[in-house]
Amino acid sequence: ITLVRLERFLAASRTPHLDLELMTAAPRYTRLVATVLGQSHFLTDIVCRNPEYMMYLWEDADLAQTRTREDLVREARSIVDLFDTFESRCEALRRFRRREILRIAARDVVAHCHVAAVADDLSNFADAACEAALRCARHELKPRFGKPLASGTRNEANFVAIGMGKLGARELNFSSDIDLIFLYDESGETTGGTSSTLSNSEYFQKLGERLIKVLAEQTAEGMIFRVDMRLRPHGRMGPLAVDVESAIHYFESEGHAWERQALIKARPVAGDLDLGGRFVERTRPFVFPKYFDDETLEDIRNGKRQMEAQIAQRGETEIEVKLGRGGIRDIEFTVQMLQLLNGGRVPELRVPPTLRAIKALGEQNLLRPLDAQTLASNYVFLRQVEHRLQIEGSQQRHCLPSGPIELDLFARKLGYANGASFMNDYSDRAAATRQILDRFLASEGSGNLWVTDLLNSHSNGDAGKAGLRALGFTHVEGPRAELLSLYTGPRERPHSLHVRQQFLKVAPHLLKALARAADPEATLTRFAQIVSNLRAPSVIYDTLLMNPELSGHLVALVENSEFLSNLLIRDPGLFETFGRASALEHASSREELNEQLDGLLRAYDRDAAPYRLHTGETLRIGMRDIILGVDVMSIGRELTLLAEVCLDYAIAKAREK
């Protein structure tokens, strides 16, 4: 393979005879060429497209040193400034990216630099690419719209790109997406240009779109990075660029448990880094609360179970380097969970990089010394494996080769004698990692992954919508929107994390009950209308959690009686009336009704007692009719008895006066 690739390289070179002469005279150059070509067809493609880059590696690149962020930003900006059109700037940055990826890959495969140093280099380049992309975007927009100014001032509003995930933690791979959040600090409008003025929100939306175009658009010169914006406030449903105050409010009032994990790694990467630093600091109380509640911890555990179930369904548990059993995510999850649990009290734990966090956990005795050493060693090993998988084809590849020949070839690239010896080491390390994680995490799956996907606003919901179709829903977009509303609450008064967790547990039973309705979509719409009119939807969710069978009862009520449904809207406390398991079993006697009335008369508002009795018993009798099918004559007798008890009370009150 290496010889074939060498032929390609020499055929592409403008001076093949000089390359051959140098290989003859300098064995180190021969090893450089052979190693780069032998490791990866992706690296081969780069040097065949730009043969001069091989000489750059030999003469100019210092493979022993990580290039600083400042150095890379300076060079990337100077490249942008050499050109005068948006397209030419983008193409120049793509060529710069190819050269730098080749240099960093050579540091890995030729100089055998530590995985942390390689990740640092990749992350410094990503920062520089984001800064240069921002510069391109501003050059493009300024003539048309001018500068964005803060309201009532001549001060320019500021913008920052926050790096999340591996970019934020400075742990990028050779084929990583970059996760970004775009923020700005002030409302206002632009000064105007050849097109018009824009509000700052519109301007920064366009700025973000151009920034993404620079990085992610596929052209003849390739692309720089795939960009993922789903971690922004409200996910796909939210604006591309968000003002800082709105973002802070979102995380404090609506943030999910998994967003705490994501924000551990938040870091400003381009634009106004001071603004980004202030944003990150203000999210610390949300990410690292002083007291961590059990519900949030369970929410985090559920997320891990769901992810593992998905990998198991694909049959990749033992060969998936990132998400498989004992893989990279197991280490990251263990570390992040310990950071979340203890970071509110121990500031030293609030560090994004995984290796630094492991060290801090060991120093604070939150990980046993041997466990800290094991996790650190295994993390470096797995990231090296991941790098080699992705260098081969510049693809997001995390599965080990399945065929014995391919596995042997891959293992030799990592210094192993064969695939079997590599897999023995890999399996031992995975087992050791998993043993540590299992002390903190129960591994059973939830069984309702599609419901979680359905209620995740950051997902396209394909799995969830397929689940709705399987239950008999014909049109799934509307029902999904209704269910998301029940889960998240209205935008102006969003549900707390506790209420969302309640509904997540209730939803599977509710959906099965809705599937039995004659018109599931219409019944769900009516149910959502009822809940949206309640100030405390947790009353319904609590009741349904205590007795899941009541989901069917409630759906039947909503489907069959607008009158009874309205009783619940006016008095949510009535859910407790039929929330008791025995509430519908028998008709109330006169004595039982009088006892209920006496109890209500001892309440704070005595005058409301007969009305509360009448409403609650009417609802209960109606439910007996709808749910149990009690005959019409019996229903008539029960309603008559209720009227008599209320009349007796009214006569007694009249006599008192």
Side-chain angles (χ1 to χ4, degrees), residues 2 5-83 88-114 117-129 131-132 172-175 219-225 387-388 390-394:
T2 304
R5 292 173 178 173
L6 177 60
E7 282 187 315
R8 279 189 60 200
F9 169 65
L10 292 173
S13 175
R14 294 178 182 176
T15 56
H17 60 286
L18 294 179
D19 286 296
L20 288 171
E21 288 177 6
L22 182 57
M23 291 174 68
T24 303
R28 285 181 59 246
Y29 180 70
T30 305
R31 286 196 295 272
L32 171 67
V33 173
T35 303
V36 168
L37 298 178
Q39 278 287 332
S40 159
H41 71 77
F42 165 63
L43 299 182
T44 301
D45 288 344
I46 290 178
V47 294
C48 288
R49 186 168 188 170
N50 298 97
E52 69 276 13
Y53 287 175
M54 192 68 82
M55 195 55 62
Y56 163 75
L57 288 183
W58 175 246
E59 293 183 340
D60 299 322
D62 185 350
L63 301 185
Q65 292 295 321
T66 300
R67 290 191 68 182
T68 66
R69 181 187 190 278
E70 294 72 22
D71 181 31
L72 284 163
V73 168
R74 186 165 47 250
E75 183 171 2
R77 284 175 173 169
S78 67
I79 288 172
V80 167
D81 293 342
L82 286 174
F83 298 89
S88 60
R89 290 167 182 147
C90 291
E91 299 301 272
L93 283 176
R94 280 156 174 70
R95 292 190 293 273
F96 177 56
R97 183 252 182 191
R98 284 204 302 273
R99 192 198 74 185
E100 284 304 298
I101 290 297
L102 176 66
R103 177 186 64 80
I104 298 168
R107 295 192 68 213
D108 185 6
V109 302
V110 177
H112 302 294
C113 292
H114 191 276
V118 173
D120 265 350
D121 225 339
L122 286 166
S123 301
N124 287 342
F125 167 73
D127 283 17
E131 290 280 17
L172 282 184
N173 302 320
F174 282 97
S175 189
T219 72
E221 295 286 356
M223 69 174 178
I224 302 174
F225 284 107
H387 280 329
R388 296 305 171 88
Q390 297 191 1
I391 283 175
E392 173 58 29
S394 187

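Because the structure is a prediction, the values reported are computed rather than measured.
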Could I get the full list of side chain to side chain donor-acceptor pair (under 3.5 Å) partners for D45, not counting sequence neighbours?
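Checked D45 against side chain to side chain donor-acceptor pair (under 3.5 Å); matches are R8.
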
Judged by atom type as modelled, is there a donor-acceptor pair below 3.5 Å linking the side chain of [X] to the main-chain atoms of [Y]?
X    : Y    : result
Q390 : S175 : yes
T35  : V110 : no
S13  : F9   : no

Test R49 against E221 for salt bridge (Lys or Arg N to Asp or Glu O under 4.0 Å), laying out the working first.
CA-CA 10 Å; R49 186 168 188 170; E221 295 286 356; 3.4 Å; yes

Decide yes or no for [X] and [Y]: does some side-chain heavy atom of the first lie under 4.5 Å from some side-chain heavy atom of the second?
X    : Y    : result
L122 : H387 : yes
Y56  : R103 : yes
Y29  : E59  : no
R74  : S78  : no
W58  : L22  : yes
E52  : M55  : no
L102 : V36  : yes
V80  : F96  : no

Please give me the minimum heavy-atom distance between [X] and [Y], naming the atom from each residue.
X    : Y    : value
F83  : A92  : CE1-CB, 3.4 Å
A129 : I224 : CB-CG2, 3.9 Å
A76  : A128 : CB-O, 3.8 Å
A111 : L63  : CB-O, 3.8 Å

Can you tell me which residue among V33, L10, L37 is in a side chain to side chain contact (heavy atoms under 4.5 Å, CB included) with R5?
L37

At what distance, to the nearest 0.5 angstrom, does [atom1] of [X] lie from [atom2] of [Y]?
X    : Y    : atom1 : atom2 : result
N124 : D127 : CG    : CG    : 6.5 Å
I46  : R99  : CD1   : CZ    : 12.0 Å
C113 : Q65  : SG    : CD    : 8.5 Å
F225 : R97  : CZ    : CZ    : 6.5 Å
T66  : D71  : OG1   : CG    : 11.5 Å
M223 : C90  : CE    : SG    : 14.0 Å

Please determine if R69 and E131 form a salt bridge, counting it only when a charged side-chain N lies under 4.0 Å from a carboxylate O.
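A salt bridge is present here (some side-chain N lies under 4.0 Å from a carboxylate O).
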
Kindly write out the residues that satisfy salt bridge (Lys or Arg N to Asp or Glu O under 4.0 Å) with R107, not counting sequence neighbours, or none if the list is empty.
D121

Under the salt bridge (Lys or Arg N to Asp or Glu O under 4.0 Å) test, residues paired with D19 that sit two or more places apart:
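For D19 there are no salt bridge (Lys or Arg N to Asp or Glu O under 4.0 Å) partners, ignoring immediate neighbours.
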
Intermediate values then yes/no, salt bridge (Lys or Arg N to Asp or Glu O under 4.0 Å), R388 and D108:
CA-CA 9 Å; R388 296 305 171 88; D108 185 6; 3.4 Å; yes

Can you find a side-chain donor-acceptor pair between R98 and N50 that sits under 3.5 Å?
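Their side chains do contain a donor-acceptor pair, which is all the 3.5 Å distance test asks for.
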
